[in-house]
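Excluded from the calculations below are hydrogen atoms, water molecules and symmetry mates; all remaining heavy atoms, backbone and side chain alike, are included. Being a predicted model, the structure only gives us computed values, none of them experimental.
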Amino acid sequence: MSAHRSHENRPGESAAHTRTRLIHGRGRSGKWDYDHHVVPPISSSATFRLDSAARGARGFEQFAHGDTPPGEHPIYIYDRLDEPTRAMLEENLAYAERGDFALCFASGMAAISAALATLMRAGDNLVAHKVLYGCTYSLLTNWLPRLDMQARLVDLTDPASIAQTADRRTRVVYFETPVNPDMTLIDIAAVRSAVDRLNVRRSADERIEIVVDNTFASPFCQRPLELGADVSCTSLTKAIGGFGTDIGGAVIGPGRLRDALLMYRKDFGGVLSPKAAWATLVYGLPSLAARMANYQKSAMRVARFLEEHPKVRRVRYPGLESFPQRELAHRQMLDEHGRFAPGSMLYFVLKDADERGESGARLIDWIAQNSYCITLAVSLGQVKTLIECPYSMTHAALPEEAKRQRGIEPGGIRLSVGLEDWHDLVADLQAALDAV
Ligand SMILES: *Cc1c(COP(=O)(O)O)cnc(C)c1O
């Protein structure tokens with residue numbers, strides 16, 4: 001232990017704002033006994049030396065059995081169980097999302113599937129919003145049924161649909177807000193009230209848990225656990241990772257679920273690698289607030305430009321006055337100071353002669369070939385602005401009929417606004433719109 005005052009004892013930590021806290025973390029973490037690194041070291045050890053058989057036995061005994069006893073360092077055994085770089089990221093993610101714990105997985109999908117598999121058993125069902133990220137839709141409709149778990153897809157913008165659909169075997173209500181890709185919002189507090197009314201008659205292990213995918217908003221714009229969700233899932237690949245170098249996911253939730261998720265992760269094995277954790281810990285999370293504040297300023301400019309353009313039929317961005325769920329957006333999408341935080345994602349549709357959406361496809365192709373600062377690529381939340389067509393790309397897993405019924409039209413375009421000067425983004429979009 002060095003002579004200088006350890007960060008843990010500095011009075012500033014508890015008063016610090018989130019953006020400060022995510023840069024400095026706990027400063028000196030109990031997850032790693034270093035004291036002079038300014039940047040946390042990257043650990044790269046699949047296995048850990050144990051001083052005695054007794055220490056090894058204690059490590060296995062303590063794993064997934066509550067917190068490390070006060071004053072002790074965790075006993076690391078093997079990367080897949082727990083390891084220090086990832087554990088430090090988890091400490092900071094739990095703080096960002098205001099949960100008791102965070103656990104990191106190899107991808108966003110690994111995190112979502114872990115959360116559902118831990119909460120559900122064969123014979124159970126979940127109620128989910130009818131529009132979901134394509135891979136989540138496929139998980140719910142192709143894979144859960146093989147495990148004898150059923151997904152009941154409803155319109156969760158009407159929370160009454162939960163009571164109409166749920167039965168004794170319903171364990172989870174699942175949704176994204178904003179919904180990928182159409183930017184519909186689901187009222188987390190209203191879902192909480194609807195689920196509470198059902199849970200009063202249920203024992204603890206029968207109760208329905210609310211799981212929210214917070215990927216689109218990121219914890220900068222929205223903290224589902226504060227709004228009434230039980231569990232928040234997120235793809236670290238997107239806004240939190242921010243630079244597009246690594247793939248990862250996280251589950252954040254209440255202490256009562258931590259040990260079961262740790263056991264699940266140990267045995268199913270989809271753990272986040274420490275190298276990916278390090279990039280997210282050192283670059284992604286500390287810059288989230290600065291990036292998101294800039295993304296959303298530019299997103300507002302771009303959304304206004306598109307809305308006024310004669311070739312655009314409609315734009316969905318929670319920051320616009322025309323946004324259909326404006327009141328909910330202002331209630332739910334807030335930064336930690338309570339300022340409106342509509343995020344970096346928008347969805348728009350061009351005017352078209354018919355329903356085939358060909359002008360949208362032409363716009364995307366023109367951008368792919370000619371645009372300097374807008375890139376045709378899936379993913380989102382990165383420093384680079386990305387554009388894609390959900391109908392045929394990220395949401396291809398949804399059946400044709402389902403997409404049409406659910407308002408995902410062939411010509412719909414999803415835009416993730418990055419850190420470029422917004423004038424350059426508008427110039428590229430203007431040129432593309434002129435050309436189609
Ligand atoms: C990308 C995405 C996921 C999946 O995350 P991966 O890290 O790609 O596995 C889940 N939900 C939403 C809303 C996403 O956009």
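- Side-chain contact check for Phe60 versus Leu81: some heavy-atom pair is nearer than 4.5 Å.
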List the steps and the verdict of side-chain hydrogen bond (donor to acceptor under 3.5 Å, both in side chains) for Glu307 and Ser322.
CA-CA 9 Å; Glu307 186 169 50; Ser322 63; 2.4 Å; yes
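- A 6.0 Å sphere centred on CZ of Arg19 holds no more than 12 heavy atoms belonging to other residues, nucleotides or ligands.
- The local environment of CZ in Phe340 is crowded, with over 12 non-hydrogen atoms from other residues, nucleotides or ligands closer than 6.0 Å.
- Shown here is Arg146, whose CZ atom has no more than 12 heavy atoms of other residues, nucleotides or ligands within 6.0 Å.
- The distance from atom CG of Leu103 to atom OH of Tyr264, rounded to the nearest 0.5 Å, is 12.5 Å.
- For the pair Arg265 and Phe268, the cation-pi criterion (under 6.0 Å, within 45° of the ring axis) is not fulfilled.
- A donor-acceptor pair is defined here as one N or O able to donate and one able to accept, closer than 3.5 Å; no such pair exists between the side chain of Arg168 and the backbone of Arg202.
- Other residues, nucleotides and ligands place more than 12 heavy atoms under 6.0 Å from the CZ atom of Phe243.
- Here the CG atom belonging to Leu262 is positioned 11.5 Å from the CG atom belonging to Leu257, to the nearest 0.5 angstrom.
- For the residue pair Ala166 and Arg152, the shortest heavy atom distance occurs at C-NH1, 4.4 Å.
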Between His423 and Asp421, does the side-chain hydrogen bond (donor to acceptor under 3.5 Å, both in side chains) criterion hold? Intermediate values first, please.
CA-CA 5 Å; His423 296 91; Asp421 188 304; 2.7 Å; yes
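- When all heavy atoms are compared, the tightest approach of Ile162 to Ala194 is CD1-CB, 4.1 Å.
- At least one side-chain heavy atom of Arg86 sits under 4.5 Å from a side-chain heavy atom of Glu90.
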Start with the C-alpha distance between Arg21 and Glu91, add both sets of side-chain angles, then the distance that settles salt bridge (Lys or Arg N to Asp or Glu O under 4.0 Å), and finish with yes or no.
CA-CA 11 Å; Arg21 179 65 170 66; Glu91 232 171 39; 5.8 Å; no
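- Within 6.0 Å of OH on Tyr95 lie more than 12 heavy atoms contributed by other residues, nucleotides or ligands.
- For the side chain to side chain contact (heavy atoms under 4.5 Å, CB included) criterion with Tyr174, the lone passing option out of Val212, Leu156, Thr136 is Thr136.
- We find that Asp230 and Arg207 are not joined by a salt bridge, their nearest charged nitrogen and carboxylate oxygen being 4.0 Å or further apart.
- Contact check on Asp205 versus Arg171 returns no salt bridge, with no Lys/Arg side-chain nitrogen under 4.0 Å from an Asp/Glu carboxylate oxygen.
- When all heavy atoms of Leu153 and His129 are compared, the closest pair comes out as CD2-O, 4.0 Å.
- Defined by atom type and a distance below 3.5 Å, a donor-acceptor pair is present between the side-chain atoms of Arg98 and Thr18.
- Within the 4.5 Å cutoff, the side chain of Glu176 has no heavy atoms near those of the Thr215 side chain.
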Going through the distances and angles, do Asp67 and Arg258 end up as a salt bridge (Lys or Arg N to Asp or Glu O under 4.0 Å)?
CA-CA 10 Å; Asp67 292 328; Arg258 191 194 72 156; 3.6 Å; yes
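- Between atom CE of residue Met345 and atom CG of residue Leu386 there is a gap of 8.5 Å, rounded to the nearest 0.5 Å.
- Trp143 has its side chain out of reach of Met149: every pair of non-hydrogen atoms, C-beta onward, lies at least 4.5 Å apart.
- Side chain of His24 to main chain of Thr20: no donor-acceptor pair is present (N/O by atom type, distance under 3.5 Å, no hydrogens or angles).
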Between Phe216 and Met183, does a side-chain contact (heavy atoms from CB on, under 4.5 Å) hold up when you go through it step by step?
CA-CA 9 Å; Phe216 257 38; Met183 303 304 294; 3.7 Å; yes
Might you work through the side-chain hydrogen bond (donor to acceptor under 3.5 Å, both in side chains) test for Thr234 and Glu97, ending with a clear yes or no?
CA-CA 10 Å; Thr234 190; Glu97 290 263 2; 4.7 Å; no
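- No side-chain donor-acceptor contact under 3.5 Å links Asp82 to the backbone of Phe63.
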Are Ile186 and Thr157 close enough, and set up right, to give a side-chain contact (heavy atoms from CB on, under 4.5 Å), and what steps lead you there?
CA-CA 5 Å; Ile186 311 293; Thr157 59; 4.1 Å; yes
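- The environment of NZ in Lys275 is sparse: at most 12 heavy-atom neighbours from other residues, nucleotides or ligands sit within 6.0 Å.
- For the pair Leu185/Phe323, a side-chain contact is recorded, criterion being any heavy-atom separation below 4.5 Å from C-beta on.
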Checking side-chain contact (heavy atoms from CB on, under 4.5 Å) for the pair Leu116/Leu140: CA distance, chi angles, key distance, verdict?
CA-CA 10 Å; Leu116 296 181; Leu140 265 50; 3.7 Å; yes
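- Here the straight-line distance linking atom CG of Asp259 with atom CZ of Phe101 works out to 9.0 Å at 0.5 Å rounding.
- Within 6.0 Å of the NE2 atom in His330, the count of heavy atoms belonging to other residues, nucleotides or ligands exceeds 12.
- Under a 4.0 Å N-O distance rule, the pair Arg201/Glu206 does not qualify as a salt bridge.
- For Arg313 and Asp352, the salt-bridge test fails: no basic side-chain N is under 4.0 Å from an acidic carboxylate O.
- Contact check on Arg314 versus Glu409 returns a salt bridge, with a Lys/Arg side-chain nitrogen under 4.0 Å from an Asp/Glu carboxylate oxygen.
- Looking at Gln382 and Tyr295, their side chains never bring a donor and an acceptor atom within 3.5 Å of each other.
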Go through the steps to decide whether Gln430 and Phe305 satisfy the test side-chain contact (heavy atoms from CB on, under 4.5 Å), and finish with yes or no.
CA-CA 9 Å; Gln430 178 73 62; Phe305 162 78; 3.1 Å; yes
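- Around the CZ atom of Arg121, the shell of radius 6.0 Å holds no more than 12 heavy atoms that belong to other residues, nucleotides or ligands.
- Shown here for Met333 and Pro178, the closest heavy-atom pair between the two residues is CE-CG, 3.9 Å.
- A heavy-atom distance below 4.5 Å is found between the side chains of Thr385 and Leu415.
- Residues Tyr347 and Ile408 meet the side-chain proximity criterion, which asks for heavy atoms closer than 4.5 Å.
- For the pair Lys238 and Tyr133, the cation-pi criterion (under 6.0 Å, within 45° of the ring axis) is fulfilled.
- Of the inter-residue distances, the one linking Gln325 atom CD with Gln332 atom CD reads 9.0 Å to the nearest 0.5 angstrom.
- The backbone N or O of Pro40 lies less than 3.5 Å from a partner atom in the side chain of Trp278, making a donor-acceptor pair.
- The two residues Thr280 and Pro286 have their closest heavy-atom pair at O-CD, 3.8 Å.
- For the pair Trp422 and Val417, the minimum side-chain heavy-atom distance is 4.5 Å or more.
- For the pair Glu83 (side chain) and Thr85 (backbone), a donor-acceptor distance under 3.5 Å is present.
- Lys311 contributes atom NZ, which lies 9.5 Å from atom CG of Leu363 (distance to the nearest 0.5 angstrom).
- Just one of Asp167, Asp148, Thr165 meets the side chain to side chain donor-acceptor pair (under 3.5 Å) condition when paired with Asn125; it is Asp167.
- Contact record, Thr394 with Glu388: OG1-OE2, 2.7 Å, taken as the closest heavy-atom pair.
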